[in-house]
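Taking it in order: structure first as structure tokens, then the write-up.
Chain identifiers are assigned alphabetically (A, B, ...) following the order of the sequence lines, protein sequences preceding nucleic acid strands; residue numbering begins at 1 within each chain.
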Amino acid sequence: MVETFYEVMRRQGITRRSFLKYCSLTAASLGLGPAFVPKIAHAMETKPRTPVLWLHGLECTCCSESFIRSGHPLAKDAVLSMISLDYDDTIMTAAGHQAEAILEEVMTKYKGNYILAVEGNPPLNQEGMSCIIGGKPFLEQLKHVAKDCKAIISWGSCASWGCVQAAKPNPTQATPVHKVIHDKPIIKVPGCPPIAEVMTGVITYMLTFDRLPELDRQGRPKMFYGQRIHDKCYRRPHFDAGQFAEAWDDEGSRKGYCLYKMGCKGPTTYNACSTVRWNGGVSFPIQSGHGCIGCSEDGFWDKGSFYDRVTDIQQFGVEANADQIGGATLGVVGAAVAAHAAVSAIKQSRSKQSDVNDKQG
Amino acid sequence: MLSAQDMREAEAHGRSVKAVYVYEAPVRLWHWVNALAITVLAISGWFIASPLPSQPGEASENFLMGYIRFAHFSAGYVLLIGLLGRIYWAFVGNHHARQLFVLPIFNATWWKEVLFELRWYLFLERDPKKYVGHNPLAQLSMFTLFLTTTVFMIVTGFALYGEGTQEGSWAHTLFTSWVIPLFGQSQDVHTWHHVGLWVFLLFVLLHVYAALREDIMSRQSLVSTMLSGWRMFKDDKP
Amino acid sequence: MGAYETQGFKLDNSGKRIVVDPVTRIEGHMRVEVNLDTNNVIRNAVSTGTMWRGLEVILKGRDPRDAWAFTERICGVCTGTHALTSVRAVEDALGILIPENANSIRNIMQLTLQVHDHLVHFYHLHALDWVDVVSALSADPKKTSELAQSISSWPLSSPGYFRDIQNRLKKFVESGQLGPFMNGYWGNPAYKLPPEANLMAVTHYLEALDFQKEIVKIHTIYGGKNPHPNWLVGGVPCAINVHETGAVGAINMERLNLISHIIDRTIEFIDQVYIPDLLAIASFYKDWTYGGGLASKSVMSYGDIPDKANDYSAANLMMPRGAIINGDLSKVHEVDLRDPSQIQEFVDHSWFKYAGANDAAGKGLHPWDGETVAHYELGKNAKGTSTNIEQIDEGGKYSWIKAPRWKGHAMEVGPLARYIIGYVQNNPEFKEPVDRVLKKLDLPLPALFSTLGRTAARGLEASWAVHKMRYFQDKLVANIKAGDASTANIEKWDPSTWPKEAKGVGFTEAPRGALGHWIKIKEGRIDNYQCVVPTTWNGSPRDSKGQIGAFEASLMNTPMAKADQPLEILRTLHSFDPCLACSTHVMAPDGQEMTRVRVR
């Protein structure tokens with residue numbers, strides 16, 4: 001009586017004919033011959049929903065909140081019909097021992113076949129005890145559950161990069177998942193939080209095509225993180241035209257001009273905000289007048305103010321941007337050159353004088 | 001002081017050591033094209049980081065930022081192709097053409113001469129030496145300030161350019177695909193590329209000053225050499 | 001500590017110890033331990049915040065105009081409320097006045113959060129403490145339909161509709177893959193609803209899951225996204241342009257209409273689904289009167305939702321402000337967030353220590369002078385090891401949450417606190433709904449001081465808030481009509497216009513209760529930043545006098561139906577809507593000794 005993938009597709013209005021066509025496409029994309037089509041169809045018709053164990057480390061739960069905002073598919077349908085969300089301490093009924101028991105059960109029953117979704121990250125300082133689950137460091141739980149999983153999804157910027165608790169000086173030594181788990185495929189879905197439909201999109205892609213999405217070098221799915229917000233921003237024509245908002249609530253702001261000068265990080269941020277947009281496509285930060293703060297990028301907290309165009313360089317040990325450092329350096333060297341030129345001129349005239357003296361002598 | 005090779009070369013050409021043909025036409029052309037490209041890059045780059053005041057009218061009637069970026073990218077291509085041509089010329093041109101790329105760091109005499117030039121600039125030496133090519137200190141600063149910065153700017157610049165031309169473009173394949181992950185993210189690449197601008201400005205300041213000063217105070221021509229190719233010596237002393 | 005008495009509770013930790021870790025369906029990580037007597041009644045309760053991230057030190061040295069984005073990430077559930085508190089703190093420090101429109105938009109966003117948060121809390125975090133999903137399978141859809149139609153005019157109530165949901169649920173349960181419902185406490189005698197009420201509630205669980213994503217679109221329109229919309233020191237980032245060319249790039253008529261439409265739909269959902277469900281469920285639990293804790297003793301609210309911009313006096317705040325102590329409902333005390341003797345934080349039982357002269361037992365610090373050094377150690381009677389805790393020792397340090405006190409009192413904050421204060425102040429907007437509910441359920445006023453009272457206050461507040469959203473949206477449109485489209489004051493945007501040193505405090509009423517941020521600015525940078533958040537108040541551990549916090553107090557004297565199923569514990573804790581990422585953000589300066597876990 002398991003509601004299978006096929007039944008889910010049928011319930012969502014997909015015909016048997018389309019289903020079989022989809023199976024043959026899947027076979028082709030996996031490099032399998034037509035003989036495999038019935039086998040794939042059979043598997044789809046009978047296989048149970050993929051169990052997902054969703055662990056929470058140091059985080060703010062914005063990823064879970066985002067996930068339940070998904071409009072297509074509805075979060076309800078994703079949880080009831082597509083995956084089997086067996087552990088997620090934000091919404092699960094069970095607590096304490098009953099909750100911990102679920103992990104063990106799923107890990108045994110679906111060894112190698114469950115997906116581990118991680119929201120947040122493990123801290124390494126304070127003996128790892130600045131995030132305690134069941135009396136033990138979260139890191140232990142993470143490693144334990146990762147052991148037998150099929151793949152890991154790193155939800156959000158916490159799991160992917162470290163995010164706000166890893167901003168300097170990172171007092172808890174919060175560490176992204178890929179730095180503590182090395183032997184599993186990890187799909188990073190960064191953002192603070194990621195867009196709801198991107199989250200469900202990544203999961204349904206994995207279920208539909210039965211493979212991991214193609215990732216870029218930093219481990220993000222290319223289909224959603226392959227381009228910058230700037231590349232597809234609807235205000236891009238104003239950028240190219242040189243039309244900018246210069247101050248909050250000025251004429252440019254009211255006309256929807258480019259927010260580049262207000263520090264918008266769209267040109268350096270890889271995400272789907274300007275295309276998929278947020279909350280069912282209603283808007284996205286730039287459309288609502290505030291520049292992108294770059295929340296899906298590694299270390300975006302430590303690049304200086306969100307309102308600066310030319311941002312800070314932490315490596316110099318002081319918070320100063322390239323123009324301040326460059327200007328100061330050039331000023332010092334320029335002054336030195338001027339002084340040097342003056343001394344040279346004096347020397348030159350003296351030397352000429354001495355030449356004359358030599359000749360006279 | 002002329003190196004033994006310079007002397008031989010000069011004598012072989014049957015000319016007086018008062019003038020030596022140093023910079024061949026392609027090197028001179030490259031120098032001035034390069035100077036122009038860097039000027040365009042610096043100005044356009046500055047206005048990319050800190051754009052001009054907002055333009056009035058419809059977006060479709062303006063393309064100011066587009067033109068500025070176009071100028072930047074075009075000049076970037078000139079810088080890249082120029083450097084490639086210059087590298088080619090290092091192989092086929094005279095030995096002065098190689099001086100920019102090879103530092104004789106295992107040559108004790110060379111280091112001694114670097115020291116001498118430093119002392120000359122610190123007014124500790126009364127009389128300058130003669131050089132046919134770059135003086136060793138100039139060579140050192142050319143390599144560190146100019147050549148490495150140029151390569152850094154080309155690599156980071158085309159990595160950023162490749163972000164716009166997208167995956168599949170040559171710039172993305174050759175540069176963006178590894179430079180961005182190396183820095184961690186695009187914002188840092190922008191920042192360091194911007195730092196490169198200031199290094200260039202620093203170089204230009206020192207380069208122009210040193211060239212003018214040496215033109216006046218040293219014993220050989222400098223500025224005119226980059227125009228005619230001939231190094232003129234002001235005296236016959238060794 | 002053995003047996004002793006505090007705040008009217010007799011604590012005794014000699015009985016059987018029950019540990020719940022993790023506490024689920026909350027934000028963040030939490031552990032609770034209780035002792036039961038021989039009748040399975042809770043005689044001692046210990047709540048432990050089990051996470052800590054440290055945003056305050058991270059904030060040091062940063063641009064105050066960026067602080068909202070950092071503090072917003074304290075919590076993704078009550079998203080935006082920390083950001084609002086932060087921009088208010090910065091504006092207070094620098095003397096920045098915001099335009100009327102910005103005040104209306106901020107209020108709409110804050111109220112949107114209240115409504116959304118309360119709705120999601122009730123259905124998705126709290127309902128399963130009252131509703132038995134498995135029992136819903138045996139309900140009669142026709143009778144369910146009759147029940148639904150008898151309490152509300154909500155149109156989705158036909159027998160066929162409930163049958164479809166029931167069938168889908170059946171299929172789900174029969175699949176054997178129960179997902180989030182796995183290992184629930186189904187069939188526990190503490191569940192009192194008949195199958196039909198269960199089916200109705202489960203149906204609305206799913207409907208509310210679909211609907212909640214609509215409410216937050218208001219954040220998306222004004223703030224660009226949700227969770228974590230964008231805010232601005234000096235106003236709001238979205239510009240208004242309803243008349244001219246280019247209006248499509250700003251808040252225009254279409255955007256205003258969309259907001260209006262969402263508000264109308266939300267009013268319908270809250271008043272026709274949430275409130276009737278709440279009353280229906282409550283009517284079956286009338287005799288479950290536990291969980292009052294500190295509610296009848298010490299409650300506090302800072303107040304929020306300024307009617308006019310820039311006036312944070314109690315008279316201008318639409319949410320009540322004040323404090324009640326020692327159960328004396330006849331007097332509402334004035335709360336002053338700037339007075340160093342009123343709000344203080346203690347760390348005697350927290351995994352922190354104060355430095356230097358402040359490192360003394362019973363030493364409290366006002367947030368402006370607040371400091372925190374992480375100091376993780378278990379009490380000497382704890383069982384297990386430091387990285388494998390079997391049992392907490394509440395006699396020693398035992399939580400990542402500090403213990404805040406108002407004039408030395410442990411306080412409860414939240415919707416119930418707001419309603420109690422509003423009630424005793426005779427504020428009709430708060431008193432009348434309470435009286436109506438009590439009358440409808442035929443309960444006396446003291447019934448309010450309970451788990452159920454907390455849950456009911458939250459529902460009433462959701463309804464209050466959504467109607468106030470309508471008020472502020474109309475006010476916004478009227479103001480635009482009067483010719484004012486301003487949304488930001490940039491006079492003091494540039495740090496060069498700031499004084500060399502400044503300090504300020506910002507406060508809001510977050511969905512979970514009173515929230516304050518204290519900031520000190522020095523030469524354009526953050527010098528000190530401290531947040532005292534609702535769950536720090538409610539989830540507070542003991543102080544040096546042994547006074548217990550609101551969570552701990554609320555669990556006292558509750559009987560458990562089954563000692564191995566912590567249903568009643570969850571029920572009461574959930575009624576506070578705990579937010580652990582909020583309460584445990586407090587932080588240590590760098591440089592202190594820290595042991596590290598080896599990564600293999």
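For A:Tyr110, the part sitting under 4.5 Å from any heavy atom of chain C is the side chain, from C-beta outward, and nothing else. In this structure, the portions of C:Leu209 lying under 4.5 Å from any heavy atom of chain A include both its backbone and its side chain. No part of A:Ser64 comes within reach of chain C, as not one of its non-hydrogen atoms sits under 4.5 angstrom from that chain. Heavy atoms closer than 4.5 Å to chain A are found in the side chain of C:Pro566, but not in its backbone. Heavy-atom distances place both the backbone and the side chain of C:Leu206 under 4.5 Å from chain A. Contacts between C:Arg255 and chain A at a heavy-atom distance below 4.5 Å involve the side chain alone, from C-beta outward. For A:Ile293, the part sitting under 4.5 Å from any heavy atom of chain C is the side chain, from C-beta outward, and nothing else. The part of C:His116 that comes within reach of chain A is its side chain, from C-beta onward, which places non-hydrogen atoms under 4.5 angstrom from that chain. Proximity to chain C (any heavy atom under 4.5 Å) is shown, for A:Ile133, by both the backbone and the side chain. If you measure heavy-atom distances from A:Tyr87 to chain C, the contacts under 4.5 Å come from the side chain alone. Contact of C:Ile240 with chain A is made through the backbone alone, with heavy-atom distances under 4.5 Å. With a threshold of 4.5 angstrom between heavy atoms, A:Phe138 does not approach chain C through any atom at all. In this structure, chain C has no heavy atom under 4.5 Å from any part of A:Ala174. Contacts between A:Val52 and chain C at a heavy-atom distance below 4.5 Å are absent for every atom of the residue. Of the two parts of C:Trp231, only the backbone, made up of N, CA, C and O, holds a non-hydrogen atom closer than 4.5 Å to a non-hydrogen atom of chain A. Proximity to chain A (any heavy atom under 4.5 Å) is shown, for C:Ser486, by both the backbone and the side chain.
For the pair C:Gly54 and A:Pro171, the tightest heavy-atom approach, listed with the atom from each and the gap, is O-CG, 3.8 Å. The minimum heavy-atom distance linking C:Ser386 with A:Met129 is given by the pair O-CE, 2.9 Å. Here the closest non-hydrogen pair linking C:Pro227 and A:Cys62 is CG-O, 3.5 Å. Looking at every heavy atom in both residues, C:Val19 comes nearest to A:His97 through O-NE2, 3.8 Å. C:Gly28 and A:Thr61 get closest at one heavy-atom pair: N-OG1, 4.0 Å.
Note: C:Asn388 leads C:Asn388, C:Ile221, C:Val23 in heavy-atom pairs under 4.5 Å with chain A. Chain A forms the most heavy-atom pairs under 4.5 Å with one residue out of C:Ile26, C:Asp66, C:Leu169, and that residue is C:Asp66. When each of C:Val20, C:Val77, C:Asn241 is checked for heavy-atom pairs under 4.5 Å with chain A, C:Val77 comes out on top. Between chain C and the residues A:Ser253, A:Cys163, A:Gly120, A:Gly134, the most heavy-atom pairs under 4.5 angstrom are made by A:Gly134. Taking A:Pro193, A:Gly289, A:Ser66 one by one and counting their heavy-atom pairs under 4.5 Å with chain C, the maximum is reached by A:Pro193. Of all the listed residues (A:Cys192, A:Gly291, A:Ala196, A:Gly71), the one sharing the greatest number of non-hydrogen pairs under 4.5 Å with chain C is A:Cys192. Between chain A and the options C:Val216, C:Val32, C:Thr48, the largest number of non-hydrogen pairs under 4.5 Å is found for C:Val216. The residue among A:Gly256, A:Cys295, A:Ser283, A:Pro51 with the most heavy atom pairs within less than 4.5 Å of chain C is A:Ser283. Ranking C:His228, C:Arg25, C:Lys213 against chain A, the residue ahead of the rest is C:Arg25, based on heavy-atom pairs under 4.5 Å. Comparing C:Ile490, C:Asp210, C:Asp564 by heavy-atom pairs within less than 4.5 Å of chain A, the highest count is held by C:Asp210. Contacts with chain C were tallied for A:Glu65, A:Lys255, A:His56; A:Glu65 has the most, counting heavy-atom pairs under 4.5 Å.
Between A:Asp77 and C:Arg168 there is a salt bridge, since a side-chain N of the basic residue sits under 4.0 Å from a carboxylate O of the acidic one. For A:Asp302 and C:Arg62, the salt-bridge test passes: some basic side-chain N is under 4.0 Å from an acidic carboxylate O.
At least one donor-acceptor pair closer than 3.5 Å links the side chain of C:His29 to the backbone N or O of A:Gly57. Judged by distance alone, with hydrogens and angles left aside, the side-chain atoms of C:Asp21 form a donor-acceptor pair with the main-chain N or O of A:Gly135 at under 3.5 Å.
Atom CD of C:Glu491 has 12 or fewer heavy atoms from other residues, nucleotides or ligands within 6.0 Å. A 6.0 Å sphere centred on CD of C:Glu207 holds more than 12 heavy atoms belonging to other residues, nucleotides or ligands.
C:Leu580 contributes atom CG, which lies 13.5 Å from atom SG of A:Cys60 (distance to the nearest 0.5 angstrom).
Using a 4.5 Å heavy-atom threshold, the side chains of A:Asp249 and C:Val236 count as separate. Proximity of C:Val57 to A:Pro169: side-chain heavy atoms (C-beta onward) are separated by under 4.5 Å at one or more points. Proximity of A:Gln287 to C:Lys225: side-chain heavy atoms (C-beta onward) are nowhere separated by under 4.5 Å. Taking the side chain as every heavy atom from C-beta outward, A:Ile132 and C:Ile389 approach each other to under 4.5 Å. Residues C:Trp400 and A:Gln126 meet the side-chain proximity criterion, which asks for heavy atoms closer than 4.5 Å. Side-chain contact between A:Val79 and C:Pro180: present, with at least one pair of heavy atoms (C-beta onward) separated by less than 4.5 Å. A:Glu59 has its side chain within reach of C:Glu27: a pair of non-hydrogen atoms, C-beta onward, lies under 4.5 Å apart. Counting heavy atoms from C-beta on, the side chains of A:Pro48 and C:Gln177 come closer than 4.5 Å.
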Derivation and outcome, side chain to side chain contact (heavy atoms under 4.5 Å, CB included), residues C:His219 and A:Trp278
CA-CA 10 Å; C:His219 278 190; A:Trp278 279 81; over 6 Å; no

Mind running side chain to side chain contact (heavy atoms under 4.5 Å, CB included) on A:Trp248 and C:Thr487 for me, showing each step along the way?
CA-CA 8 Å; A:Trp248 299 106; C:Thr487 54; over 6 Å; no

Going through the distances and angles, do C:Met182 and A:Met92 end up as a side chain to side chain contact (heavy atoms under 4.5 Å, CB included)?
CA-CA 8 Å; C:Met182 203 195 279; A:Met92 68 194 298; over 6 Å; no

Could you go step by step and tell me if C:Gln565 and A:Gln98 meet the side chain to side chain contact (heavy atoms under 4.5 Å, CB included) rule?
CA-CA 8 Å; C:Gln565 295 195 346; A:Gln98 289 88 355; 4.3 Å; yes

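Using modelled atom types and a 3.5 Å distance limit, the side chains of C:Thr387 and A:Glu127 yield no donor-acceptor pair. A donor-acceptor pair shorter than 3.5 Å cannot be found between the side chains of A:Arg277 and C:Thr220. No hydrogens or angles considered: a donor-acceptor pair under 3.5 Å links the side chains of A:Arg69 and C:Gln212. Of the N and O atoms on the side chains of C:Thr24 and A:Asp89, not one donor lies less than 3.5 Å from an acceptor on the other residue.
C:Phe70 and A:Phe306 have tilted rings, their planes meeting at an angle from 30° to 60° on a 0 to 90° scale.
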